[in-house]
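Inspection log for the structure reproduced underneath, given as structure tokens.
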Amino acid sequence: MGKINVKRIVTIVLFLILLISIIPVSKVFAATPKDYTVTDTINAKLDSNGVLTVIGTGEMPDYTNINLVPWKGEQIQKIIISDGITKIGKYAFNSLTTLKDVDYGNTLVTIGEKSFYGCTGLTEFIPPSSLENIEYAAFAYCENLTNIELNEGLKLLGSYAFAGTSVKTVTIPSTLEDYNSYVFQDVLTLEEFKVAEGNKTFWTDNGVLCETSSDTEDINLRAYPPASKLKTYKVPENINALRSECFANAINLEEIILPDTLIIINSDAFRNCGIKSITLKGSDLEIFGIELFKDCKNLETANIEINIPEGYMGTGLSHTFLNCTNLKNVNITSDVATIGRETFANCTSLEKIVLPESVKYIEAEAFSGCTNLKEVVMPDTIVGIHETAFDGCNLLDTKYPDGFVLNDDGYYMEADIPFKISGDFKYDFEKEVLDIVNEERAKVGVEPLKMDTKLFETAQQRAAELAVLFSHTRPNLTDCFSVFPTGLKRKAENIAAGIYGNETPEEVMVSWMESPGHKGNILDENLKYIGIGCFYHDDKYYWVQCFSDAGTEMTNYPKNETKQVEVAVKNNLINYSTYASYDYNLIRLTTNDEEEIRIFR
């Protein structure tokens with residue numbers, strides 16, 4: 001027997017190991033086949049290759065959340081929508097990150113809300129000619145989606161439909177009728193919009209999407225592509241409205257020339273764009289919403305010479321210049337009543353600002369973080385300044401006018417002046433109103449309200465205050481809820497005055513029930529307790545309903561009485577006169593998600 005050549009054997013073994021190590025190992029995908037019953041007429045089948053086939057007729061269901069989707073958690077590679085399916089339901093394929101390919105079939109009409117949200121493996125969207133509707137956020141944050149081919153026949157693009165994708169060019173089909181807000185929000189790669197010939201609603205100007213509204217007859221600038229290489233853009237002369245976020249994230253854009261025809265600018269219109277200066281002027285120009293120039297880091301000069309609608313005083317200049325760190329020159333000549341929350345927050349280059357004579361309030365954190373702010377010229381019209389308005393403004397010597405003191409609601413204001421008013425409290429009328437309220441709640445199957453002891457006292461005070469100032473703002477110019485019991489998650493107020501009726505419980509309840517807002521408070525099943533006030537003064541009845549979600553039931557009702565009530569007022573209300581207005585309803589949600597506040601006039 002010959003000798004074994006150990007050296008040769010070792011060499012061969014090492015060679016085989018090396019050979020095996022360089023042979024590519026192909027990953028074999030294997031799924032567990034499953035069958036699903038989707039509806040009575042639709043089934044789905046998942047095969048071992050990760051292909052999910054949806055078979056049947058009609059619409060797939062809308063799921064209320066992704067946890068209810070039957071194939072949640074499966075490693076689906078491809079989806080085939082068979083002919084006969086007309087709708088992909090809400091959340092149907094949400095967050096399938098392994099999904100790479102979709103065959104939409106030939107009968108699909110609607111792709112539902114958030115149906116492919118977060119499917120990061122998708123790279124293209126090529127729909128069938130049957131598709132008419134792409135609903136809210138259907139493909140939002142499919143971040144690798146680079147090819148989007150919108151089909152002829154498509155009518156609706158829902159809000160955020162393709163937000164956060166990576167497309168460069170979008171062609172709007174001739175059939176598209178509705179393009180909702182923020183369709184391509186955060187698509188920083190978008191360079192150009194195109195519109196197919198024959199579209200009667202949409203058109204483009206230098207790759208910018210514009211719209212002629214058939215409802216309002218407004219001519220809107222809808223969306224400026226953020227990745228456009230233009231440094232200067234002149235908005236066409238016939239444009240009269242800039243829609244929400246229309247110039248958002250246009251970081252290459254240094255100058256925007258606005259036309260004289262412009263009358264409306266919506267929220268976030270210029271957020272995080274590259275402009276260095278802006279002038280908004282014109283007696284017909286109005287702004288609506290918030291965060292108009294938020295995060296415009298290059299903005300140095302802003303001239304605001306426009307109309308702020310009265311109903312938007314608290315929001316029209318709210319968060320407007322937030323984080324504009326290079327802003328140095330601000331000229332506001334508009335009739336602005338309120339410098340809203342965080343309007344100039346973190347404007348670290350701002351050293352001086354002159355507020356117009358119309359300003360009455362400076363809200364929370366309006367100038368917070370303005371570390372170089374040295375001077376704020378305030379008008380004599382200032383009524384209140386929130387205690388956090390100038391947080392971090394360490395170089396600012398004078399923050400509050402002389403004589404202003406801190407109120408319980410967090411505002412520095414003139415000290416309250418005690419004022420006494422006499423009238424008749426009609427407790428029997430209040431009890432009658434409670435009975436009618438609970439009759440109305442019974443009609444819709446809602447549990448009756450209980451009169452709460454503290455809300456009852458609140459209502460008497462508020463009823464007397466309404467005779468001084470008929471408003472949801474108290475005569476000392478604080479919020480109506482400052483007199484409510486503390487610790488409530490929900491609270492609401494209805495008010496009425498004995499003008500044009502409202503002199504009996506029946507009349508005032510008819511008035512409230514004919515108003516959707518007031519009626520909504522009265523029938524709200526989440527409100528459990530109530531306080532009712534009726535104050536008769538100077539031949540007029542003043543009514544209030546104060547609602548809450550918690551309380552203690554009141555069992556003893558006092559008898560009618562004439563009483564003098566002390567009401568805290570400000571100087572400008574010392575010569576009181578009643579003021580009544582029925583022309584608006586106001587709904588306000590607090591920053592605390594758990595707390596809801598509603599007031600209706």
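Quick note: numbers below take in every heavy atom, side chains included, and nothing from hydrogens, waters or symmetry partners. No experiment lies behind these values; they were computed from the predicted model shown. FYI, the numbering just counts along the sequence from 1.
- For Glu365 and Arg341, the salt-bridge test passes: some basic side-chain N is under 4.0 Å from an acidic carboxylate O.
- Judged by distance alone, with hydrogens and angles left aside, the side-chain atoms of Asp268 form no donor-acceptor pair with the main-chain N or O of Arg271 at under 3.5 Å.
- A 4.5 Å side-chain heavy-atom check between Glu124 and Thr146 finds every atom pair outside the cut-off.
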Would you check, one step at a time, whether the test side chain to side chain contact (heavy atoms under 4.5 Å, CB included) holds for Val102 with Leu122?
-> CA-CA 8 Å; Val102 181; Leu122 291 178; 3.9 Å; yes
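- To the nearest 0.5 angstrom, Ser334 atom OG is 8.5 Å from Leu280 atom CG.
- The backbone N or O of Ser129 sits nowhere less than 3.5 Å from a side-chain atom of Glu152 that would complete a donor-acceptor pair.
- A side-chain donor from one of Glu342 and His319 sits under 3.5 Å from a side-chain acceptor of the other.
- The closest side-chain donor-acceptor pair between Asp205 and Tyr233 falls under 3.5 angstrom.
- A distance-only check finds a donor-acceptor pair linking the side chain of Thr98 to the backbone of Ile76 [under 3.5 Å].
- In this view, Phe293 and Phe270, Phe321 satisfy the ring pair (Phe, Tyr, Trp, His ring centres under 6.0 Å) rule, not counting sequence neighbours.
- Residues Asp35 and Lys45 are paired through a salt bridge, judged by an N-O separation under 4.0 Å between the basic side chain and the carboxylate.
- Listed for the Trp71 side chain is no donor-acceptor partner under 3.5 Å among the backbone atoms of Lys34.
- For the pair Asp549 (side chain) and Asn526 (backbone), a donor-acceptor distance under 3.5 Å is absent.
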Please report the C-alpha distance between Ile148 and Phe139 in whole Å, then the side-chain angles of each, then the deciding distance to 0.1 Å, and finally whether the side chain to side chain contact (heavy atoms under 4.5 Å, CB included) criterion is met.
-> CA-CA 10 Å; Ile148 297 173; Phe139 292 89; over 6 Å; no
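- Contact detail for Thr175 and Asn199: the closest heavy-atom pair is N-ND2, 4.3 Å.
- The shortest side-chain heavy-atom distance between Ile265 and Leu292 falls under the 4.5 Å cut-off.
- Closest approach of Ser174 and Gly198 over heavy atoms only: CB-C, 4.0 Å.
- Minimum heavy-atom separation, Ile275 to Glu255: CG2-N, 4.2 Å.
- The side-chain hydrogen bond (donor to acceptor under 3.5 Å, both in side chains) check on Thr212 picks up Trp203, with sequence neighbours excluded.
- Side-chain polar atoms of Glu135 and Thr110 form no donor-acceptor pair below 3.5 angstrom.
- With Thr204 contributing its side chain and Leu209 its backbone, the two residues share no donor-acceptor pair below 3.5 Å.
- Judged as a salt bridge (Lys or Arg N to Asp or Glu O under 4.0 Å), the pairs with a partner in residues 171-193 (not counting sequence neighbours) are, in order, Glu191-Lys229.
- No side-chain donor-acceptor contact under 3.5 Å links Asn206 to the backbone of Val208.
- A donor-acceptor distance shorter than 3.5 angstrom exists from the side chain of Thr107 to the backbone of Gly84, with no hydrogens or angles considered.
- Residue Leu46 comes nearest to Glu74 through the heavy atom pair CD2-OE1, 3.8 Å, listed as atom of the first residue, atom of the second, then distance.
- Under the 30°/60° scheme for interplanar angles, the aromatic rings of Phe193 and Tyr179 are found to stand perpendicular.
- Residue Glu237 holds its CD atom at 10.0 Å from CG of Leu258, rounded to the nearest 0.5 Å.
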Could you tabulate the donor-acceptor pairs under 3.5 Å formed by side-chain atoms of residues 50-62, not counting sequence neighbours?
unit_1: Asp62; atom_1: OD1; unit_2: Lys87; atom_2: NZ; d: 3.3
unit_1: Asp62; atom_1: OD1; unit_2: Lys90; atom_2: N; d: 2.7
unit_1: Asp62; atom_1: OD2; unit_2: Lys87; atom_2: NZ; d: 3.1

Return all side-chain donor-acceptor pairs below 3.5 angstrom for residues 159-168, not counting sequence neighbours, or 'none' if the list is empty.
unit_1: Ser159; atom_1: OG; unit_2: Ser181; atom_2: O; d: 3.3
unit_1: Thr165; atom_1: OG1; unit_2: Phe162; atom_2: O; d: 2.8
unit_1: Ser166; atom_1: OG; unit_2: Glu143; atom_2: O; d: 2.4

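- Defined by atom type and a distance below 3.5 Å, a donor-acceptor pair is present between the side-chain atoms of Thr279 and Asn303.
- Proximity of Asn147 to Phe125: side-chain heavy atoms (C-beta onward) are nowhere separated by under 4.5 Å.
- Checking side-chain atoms of Asp83 against main-chain N and O of Asn106 turns up a donor-acceptor pair under 3.5 Å.
- When all heavy atoms are compared, the tightest approach of Asn240 to Leu262 is C-CD1, 3.6 Å.
- With rounding to the nearest 0.5 Å, the separation of CD in Glu245 from OG in Ser267 is 7.5 Å.
- One finds the CD atom of Glu300 at 10.0 Å from the OG1 atom of Thr325 (value rounded to the nearest 0.5 Å).
- Closest non-hydrogen pair, Cys119 versus Ser95, comes out as SG-N, 4.1 Å.
- The side-chain hydrogen bond (donor to acceptor under 3.5 Å, both in side chains) test applied to Glu211 returns Asn220, Arg222, not counting sequence neighbours.
- Here the CG atom belonging to Asn151 is positioned 7.0 Å from the CD1 atom belonging to Ile134, to the nearest 0.5 angstrom.
- Asn144 places no side-chain N or O within donor-acceptor distance of the main-chain N or O of Thr123, the cut-off being under 3.5 Å.
- Residues Tyr91 and Tyr117 form no side-chain contact, since every pair of their non-hydrogen atoms from C-beta on lies 4.5 Å or further apart.
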